[in-house]
Each structure stands twice: as C-alpha cells, then as structure tokens.
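To keep things clear, I will list the structure first and then write my remarks on it.
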Amino acid sequence: MARDLLGATLTVRFGGKVRSARIVETEAYMRNDPASHAFRGPTPRNRSMFSRPGTLYVYRIHQVVCANLVARRGEAVLLRAAAVKGLVPKAASGPGRLCRVLGISREDDGEDAVSGRRIEVRLGGERVKGVLVGRRVGIRRAVDRPLRFALENESAVSRIRSFTTG
DNA sequence: GAAAAGATTACCT
DNA sequence: GGTAATCTTTTCC
C-alpha cells in the first residue's frame with residue numbers, strides 16, 4: 001500500500017478552501033516491525049493505528065506532527081512528502097512539513113480519510129513507474145528493511161541521496 | 001513520579 | 001556532514 005499511495009491525491013479542506021497534493025514519498029510500518037509505533041501493542045497514542053484501514057494516525061514528534069494512513073489494523077503508511085498544487089516543490093518535503101502545509105493536526109487523528117469529511121486520499125488508478133526504494137529515515141531499529149518508497153524525478157522527495165534502488 | 005527516547009527540522013560548519 | 005531545539009508519550013521504579 002505504501003507503493004500504491006505514490007501518485008495518489010491527498011485533498012484537505014480548510015474553512016472554505018481546498019488544498020490538493022500528489023503524494024511522492026511514503027514509508028511502511030508493518031507488523032513485527034521493531035521500528036513501528038505499534039510494535040509493543042496498543043497505547044493511548046497509537047490507538048488509531050489499530051483502527052480500520054483508511055483511518056488517519058497522526059502523532060507528534062519533537063515540534064511537528066506526522067500523518068499515517070492505516071493499511072491493515074496495526075500497520076500504517078507514513079506520508080513523507082507531497083507536491084502541493086500551487087506551492088513550491090519543497091513546501092511539503094518531509095512528514096512534518098507535509099502536515100504543516102496541509103493543515104493536518106492531531107485533531108485529525110482517528111479520522112477516516114476514505115469517506116473523506118475533511119481529508120481525503122484518492123488513489124491515482126494507474127500504476128506509476130520509476131519507484132525508488134530505500135531505507136527508512138530517522139529510525140534506530142530495523143534500519144535495513146527496504147520500506148521507503150518515492151517517485152523518481154520529484155523534487156519534493158526528501159533526502160534523495162539515501163536511496164539504494166532506483 | 002521521573003527519566004529517556006523519538007517515524008523531525010532548521011541551522012551550523 | 002553534525003547537532004540543538006523542544007515536548008509528548010512511554011517506560012520504569
């Protein structure tokens with residue numbers, strides 16, 4: 001699903017406005033994955049990660065928030081970068097910047113992104129080409145698993161140098 | 001209760 | 001390339 005979300009459209013509704021973005025970088029956090037927030041089972045923070053597929057899991061880290069989409073119960077995809085319509089490419093390069101520029105906050109934690117009240121993810125439909133694969137960023141455990149995905153030739157992708165495949 | 005760690009970012013050299 | 005800022009959650013006593 002992390003792969004399939006590349007090229008998907010993420011739409012967020014503010015007050016009266018709509019901001020739309022193309023997802024260009026993701027990471028997968030799986031079951032039995034020591035790097036996953038869900039590894040040690042449900043806690044108050046990661047509760048929504050065990051909810052239905054399509055649920056948003058939004059958490060705070062340092063000074064920022066990051067957003068995930070639940071793939072299966074206990075597994076989620078971190079949205080790392082997107083190309084936002086009408087903004088410079090680097091505006092949403094990185095999970096914290098992505099949430100900031102799209103107005104995603106912890107109040108969105110647990111919301112459904114498929115039926116889409118405020119936030120909606122719509123898959124592109126066609127299979128994208130030129131997918132880069134690499135190690136996940138910023139983790140200390142399970143660092144070697146190839147669970148980071150990004151689109152080639154997208155300047156919104158963060159830390160492009162660290163990819164191993166592509 | 002207290003301490004440590006962290007799916008980051010901005011700014012430094 | 002490295003590190004400080006900053007604050008919430010988890011874990012441990």
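Note that this is a predicted model, so its numbers are computed, not measured. Sequence lines set the chain letters: A, B, ... in the order given, protein chains first and strands last, and positions in each chain run from 1.
- Among the nucleotides dA7(B), dT10(C), dT9(B), the one closest to any side-chain atom of Asn68(A) is dA7(B).
- In this entry the distance linking CG of Leu78(A) with C1' of dA7(B) reads 5 Å, nearest Å.
- Judged by the 6.0 Å distance and 45° axis criteria, Arg136(A) is positioned over the aromatic ring of Tyr29(A).
- Look at OH on Tyr29(A): it is 12 Å from P on dG6(B), rounded to the nearest Å.
- In this structure, Arg141(A) places its CZ atom 7 Å from P of dG6(B), rounding to the nearest Å.
- Between dG6(B) and Arg60(A), no contact under 4.0 Å exists linking OP1 or OP2 to a side-chain N or O.
- Contact annotation: side chain of Glu27(A) to base of dA7(B), donor-acceptor pair absent below 3.5 Å.
- Stacking between Tyr59(A) and dA7(B) is absent: the aromatic ring centre is not both under 5.5 angstrom from the base six-membered ring centre and within 30 degrees in plane angle.
- Put simply, OH on Tyr57(A) is 11 Å from C1' on dG6(B), counting in whole angstrom units.
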Pair Tyr57(A)-Asp109(A), side chain to side chain contact (heavy atoms under 4.5 Å, CB included): steps then yes or no | CA-CA 5 Å; Tyr57(A) 165 47; Asp109(A) 182 51; 3.6 Å; yes
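- Asp109(A) places its CG atom 10 Å from the P atom of dT9(C), with the value rounded to the nearest Å.
- Using a cut-off of 4.0 Å between Lys/Arg side-chain N and Asp/Glu carboxylate O, Arg22(A) and Glu154(A) are scored as salt-bridged.
- Atom-to-atom, CD1 of Ile139(A) to P of dG6(B) comes out at 11 Å; the value is rounded to the nearest Å.
- Look at Arg100(A) and you'll find a side-chain N or O under 4.0 angstrom from OP1 or OP2 of dA10(B).
- In the hydrophobic cluster analysis, where Ile, Leu, Val, Met, Phe, Trp and Tyr join through side-chain heavy atoms closer than 4.5 angstrom, Phe39(A) is grouped apart from Val70(A).
- At most 12 heavy atoms of other shown residues, nucleotides or ligands fall within 6.0 angstrom of atom CZ in Arg159(A).
- A straight line from CD of Gln63(A) to P of dC11(B) spans 12 Å, rounded to a whole angstrom.
- The phosphate of dG6(B) has OP1 or OP2 within less than 4.0 Å of a side-chain N or O from Arg140(A).
- The NZ atom of Lys90(A) sits 13 Å away from the C1' atom of dT9(B) (whole-angstrom rounding).
- Residue Arg106(A) places at least one side-chain N or O closer than 4.0 Å to OP1 or OP2 of dT9(C).
- Phosphate proximity of dC7(C) to His62(A): absent, as no side-chain N or O sits under 4.0 Å from OP1 or OP2.
- Remark: dA7(B) base-pairs with no nucleotide; criterion is Watson-Crick or G-U wobble with both hydrogen-bond distances under 3.5 Å.
- At dA10(B), one or more side-chain N or O atoms of Arg97(A) fall inside 4.0 Å of OP1 or OP2 (strictly under the cut-off).
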